[in-house]
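Step one of this worksheet: look at the structure below.
Each chain gets a letter, A, B and so on, in the order the sequences are listed, and its residues count up from 1. Keep in mind that the numbers below use all heavy atoms, side chains included, and drop hydrogens, waters and symmetry copies.
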2 protein chains.
Amino acid sequence: MPSPIAPRPRVVIIGCGFGGLEAARALHHAPVDITLVDRTNHHLFQPLLYQVATAGLSAPAIAAPVRHLFRKQVNVTTLLGEVDRIDAAARQVHLKDDGALPYDHLIVAAGATHSYFGNDQWARFAPGLKTLDDAFEIRRKVLLAFETAEKEGDPERRAAWLNFVVIGAGPTGVEMAGTLAEIARQTLPGEFRRIDPASAKVLLVEGSPRVLQAMPEDLSARAADQLHHLGVEVRTDSRVTAIDAHGLQVQPAQGDAYRIESHCIIWAAGGAASPLGRELASTTGAPLDRAGRVVVEPDLSVPGHPEISVVGDLAAAKSHVPGRDPAPVPGVSPAAKQMGRTAAANVLARLEGRATRPFRYRDYGNLATIGRNAGVVDLTTPLGRLKFSGYPAWLFWLFAHIYFLIGFRNRIVVLFDWASAYWSHQRYARVVTDIAPARDYS
Amino acid sequence: MPSPIAPRPRVVIIGCGFGGLEAARALHHAPVDITLVDRTNHHLFQPLLYQVATAGLSAPAIAAPVRHLFRKQVNVTTLLGEVDRIDAAARQVHLKDDGALPYDHLIVAAGATHSYFGNDQWARFAPGLKTLDDAFEIRRKVLLAFETAEKEGDPERRAAWLNFVVIGAGPTGVEMAGTLAEIARQTLPGEFRRIDPASAKVLLVEGSPRVLQAMPEDLSARAADQLHHLGVEVRTDSRVTAIDAHGLQVQPAQGDAYRIESHCIIWAAGGAASPLGRELASTTGAPLDRAGRVVVEPDLSVPGHPEISVVGDLAAAKSHVPGRDPAPVPGVSPAAKQMGRTAAANVLARLEGRATRPFRYRDYGNLATIGRNAGVVDLTTPLGRLKFSGYPAWLFWLFAHIYFLIGFRNRIVVLFDWASAYWSHQRYARVVTDIAPARDYS
């Protein structure tokens with residue numbers, strides 16, 4: 001009589017952003033049973049989320065159903081559910097309403113959320129951009145601001161409706177501000193009868209001395225020039241000290257604080273780790289950094305818990321290159337994907353009794369788009385560093401994003417949408433389903 | 001000294017569905033100032049709304065920003081606003097929060113909403129399909145039903161999650177039921193690990209003896225055959241007597257009442273006129289019919305108020321063909337468009353002191369799609385009546401809808417989406433942004 005077949009090790013992956021998705025994919029041929037849990041049913045291509053927020057793309061173009069992505073990878077079971085609690089001692093993930101998932105290996109890829117630096121009351125007035133619901137909320141605020149300005153008889157109040165403020169000049173803030181200026185100057189003119197949309201002001205407020213801090217200084221300067229050219233007012237060295245329903249308070253590094261009246265304020269300033277970081281810390285005793293990220297071992301595992309790995313924006317990870325000091329890893333999607341692959345490889349290593357390997361981040365460079373025909377690129381190539389800006393950088397950004405977008409169909413859709421937007425200056429996803437929510441802010 | 005220029009007559013149009021849009025367009029060259037008011041910012045191509053509800057199209061593909069449609073028609077001002085009250089004596093339309101619009105001519109094209117025949121408490125459990133928000137709600141219910149079934153351990157409860165019930169077998173109900181069967185049998189299989197989506201039941205419940213009542217009997221029978229072939233269980237002669245969070249009660253014409261357990265019930269059974277009908281009746285004394293529609297004069301004006309016209313689903317209009325008895329006009333989009341044109345022509349006639357003309361409905365026939373390769377068509381041509389069904393009818397339906405879809409860009413997008421769905425059996429707009437709302441129904 002044959003001996004009973006040993007059950008396959010159970011791998012639970014929390015989150016299907018870049019890190020979780022890549023970890024599950026990397027375990028394609030592994031003799032494990034994977035359960036992939038997420039609160040939504042789709043993998044979101046977050047680098048293009050600002051395009052949904054600015055009506056340039058429809059949501060389905062950048063959201064791929066996870067279940068469909070894994071239809072042929074039969075060792076993956078997809079579950080739509082929310083994690084309530086992790087029990088590291090019992091090796092179980094407890095879901096809200098849906099029971100517990102036992103695991104032999106756990107990969108936590110729950111990502112990040114907004115941080116208002118202790119001013120959570122600002123969230124109501126200045127939404128951030130992490131999920132599709134965030135993008136719909138921002139899209140509605142932007143479109144309703146123009147609509148309300150068209151109805152407003154009082155010139156001062158009308159001007160306030162035409163002030164758009166983006167807080168934080170990282171890649172998302174720069175993209176948002178550039179695109180808003182494009183909408184005001186190129187998409188909407190001619191469609192209104194009482195206001196001139198081109199008179200709208202787009203302000204980009206940044207606490208540090210320059211935009212795109214992660215870029216070299218000369219590229220930051222070029223980005224600022226390009227923003228200026230698109231019609232964005234850049235205010236660096238300016239801290240936001242208050243936000244309410246009618247505007248915000250700004251404190252420049254030199255000079256007096258002043259107020260900007262605005263009903264459309266977008267928060268692109270701060271990220272905080274998912275609350276699951278605290279949950280992991282409480283069940284494993286893992287240390288957290290100031291941003292709430294889990295400080296992991298070189299191999300991405302939680303100290304004292306080799307069976308738990310943390311990847312992506314939730315991990316405070318270091319890159320380990322032989323002969324060099326460990327370097328912090330930036331919170332970008334290529335890093336999340338690479339961590340996902342390392343965590344998957346380390347699950348396999350443990351299964352096969354091999355040593356796990358430390359995480360090594362391969363930095364291929366940095367790129368940002370600013371608006372029509374404008375962008376900056378800083379590439380690390382085998383032949384050295386390559387920096388360029390303007391139209392070639394914009395084109396490079398465009399094709400890089402198309403290339404990394406998941407799903408052949410979505411690539412065609414996005415290319416078509418971009419081509420049609422480029423030639424027509426139009427943004428087709430200008431949908432407001434109900435005016436009611438705008439009243440909250442007026 | 002020249003005499004002062006007389007102000008141009010003010011035309012207010014309420015609603016930018018098919019009737020209102022067509023009226024505004026028909027006044028393109030008229031010496032009038034038009035204000036077009038709607039609660040949303042888009043014209044919705046309602047015949048394809050069921051495709052958004054079933055994840056086949058994204059919302060922007062069938063929603064065109066009204067402001068953009070009229071950018072070149074400079075006598076149109078678009079306002080996003082909600083009508084609160086009509087004052088026929090003062091000739092003013094009062095908006096919620098946004099003051100009053102005086103008019104010389106008023107065209108009311110506010111459309112229809114769902115009717116639960118006095119059982120408004122059913123609305124919570126069985127959403128209807130009139131707006132994009134309705135479509136998103138139904139899409140979420142459908143997708144979450146499969147997701148929840150995948151998580152449910154109890155076989156009986158799992159089966160209930162896989163029961164989909166459509167109430168009402170008019171064109172929308174038939175399209176919904178056919179598409180749901182397609183999703184269960186062709187889109188989802190292979191993507192789940194614990195359930196077989198093809199085991200889902202799709203029931204189409206209809207009070208009258210046959211599906212597609214507006215069609216000739218032989219085409220109704222063919223439609224029922226095609227539904228059966230797609231896997232839909234058709235239950236005609238069956239009245240719904242109760243709906244709750246866990247299912248519904250059905251009373252067949254013969255036999256005992258029975259219960260169907262289901263968490264995904266879709267209401268496609270009844271339409272009621274917009275509440276603006278009652279508002280018009282109270283300010284003008286106009287009669288309403290049983291469905292709340294305004295009973296209009298032959299020229300579509302409100303009795304005693306030649307300056308007010310009602311068009312589209314809000315009008316109980318008759319078609320006037322010389323030598324024949326006036327015939328009721330069906331609530332379909334070609335009728336709404338034709339009424340919009342007649343109302344616009346009558347505004348011009350009054351401006352020029354000519355007699356207004358009675359409305360005459362030109363019926364070009366009737367068509368419905370049922371699902372992949374299935375449909376029925378009943379055309380009225382100059383050479384006589386032309387009836388066909390099956391694949392040719394489906395193809396005819398497809399191209400007719402592409403032809404009438406507004407916006408060149410949207411036509412390409414929809415054609416591309418359909419072609420890709422046809423070949424891949426996939427539906428790309430499968431987006432659920434949050435699981436929370438599903439809990440309401442479980």
Side-chain angles (χ1 to χ4, degrees), chain A residues 39-42 55 57-61 63-65 67-68 70-72 74 76-82 95 97-99 131-133 136 143-144 146-148 150-151 153 188 190-194 407 409-410 412-413 416-417 420 424 426 428-436 438-439 442, chain B residues 39-42 55 57-61 63-65 67-68 70-72 74 76-82 95 97-99 131-133 136 143-144 146-148 150-151 153 187-188 190-194 407 409-410 412-413 416-417 420 424 426 428-436 439 442:
Chain A
R39 264 188 309 193
T40 75
N41 74 335
H42 52 273
L57 289 175
S58 72
R67 196 170 280 299
H68 183 64
F70 287 103
R71 68 198 181 282
K72 289 180 185 158
V74 291
V76 172
T77 298
T78 308
L79 277 192
L80 184 73
E82 192 162 358
L95 302 180
D97 309 312
D98 297 311
T131 66
L132 280 177
D133 281 330
F136 296 147
L143 296 174
L144 285 179
F146 286 103
E147 295 291 339
T148 313
E150 174 85 343
K151 292 190 285 190
L188 298 181
E191 299 195 3
F192 290 79
R193 302 290 178 248
R194 300 166 179 184
R409 191 193 168 289
N410 285 352
I412 300 181
V413 169
F416 174 78
D417 285 347
S420 98
S424 71
Q426 270 310 313
Y428 83 115
R430 285 163 50 190
V431 177
V432 176
T433 56
D434 201 327
I435 52 175
R439 296 286 123 204
S442 64
Chain B
R39 264 188 308 193
T40 75
N41 74 335
H42 51 272
L57 288 175
S58 72
R67 194 170 282 299
H68 183 65
F70 286 103
R71 68 197 180 282
K72 289 181 184 158
V74 291
V76 171
T77 298
T78 308
L79 277 192
L80 183 72
E82 191 162 358
L95 302 180
D97 308 312
D98 296 311
T131 67
L132 280 178
D133 281 330
F136 296 146
L143 296 174
L144 284 179
F146 286 104
E147 295 291 339
T148 312
E150 174 84 345
K151 291 190 284 191
T187 305
L188 297 182
E191 299 195 3
F192 290 79
R193 303 291 178 248
R194 301 167 179 184
R409 190 193 168 289
N410 286 352
I412 299 181
V413 169
F416 174 79
D417 285 347
S420 97
S424 71
Q426 271 310 313
Y428 84 116
R430 284 162 51 190
V431 176
V432 175
T433 57
D434 201 326
I435 52 175
R439 298 287 124 203
S442 65

Please classify the contact of Leu188(B) with chain A as side chain, backbone, both or neither, using a heavy-atom distance under 4.5 Å.
neither

Contact part of Thr131(B) toward chain A, heavy-atom cut-off under 4.5 Å: side chain, backbone, both or neither?
neither

Which of Val74(B), Thr78(B), Leu132(B) touches chain A most, by non-hydrogen pairs under 4.5 Å:
Val74(B)

Arg71(A) side chain to Gly190(B) backbone, donor-acceptor under 3.5 Å
no

Measure the NE2-CG distance between His42(B) and Leu143(A) for me, rounded to the nearest 0.5 Å.
11.5 Å

How long is the span from the OG1 atom in Thr77(A) to the CD atom in Glu150(B), to the nearest 0.5 Å?
6.5 Å

Side chain from CB out, backbone as N, CA, C, O: work out which of these in Phe192(B) comes under 4.5 Å of a heavy atom of chain A, or both, or neither.
both

Structural part of Leu95(A) lying under 4.5 Å from a heavy atom of chain B:
neither

Nearest 0.5 Å, what's the CG-NZ distance between Asp97(A) and Lys151(B)?
7.5 Å

Examine distances only and state if a side-chain atom of Arg193(A) and a backbone atom of Val76(B) form a donor-acceptor pair shorter than 3.5 Å.
yes

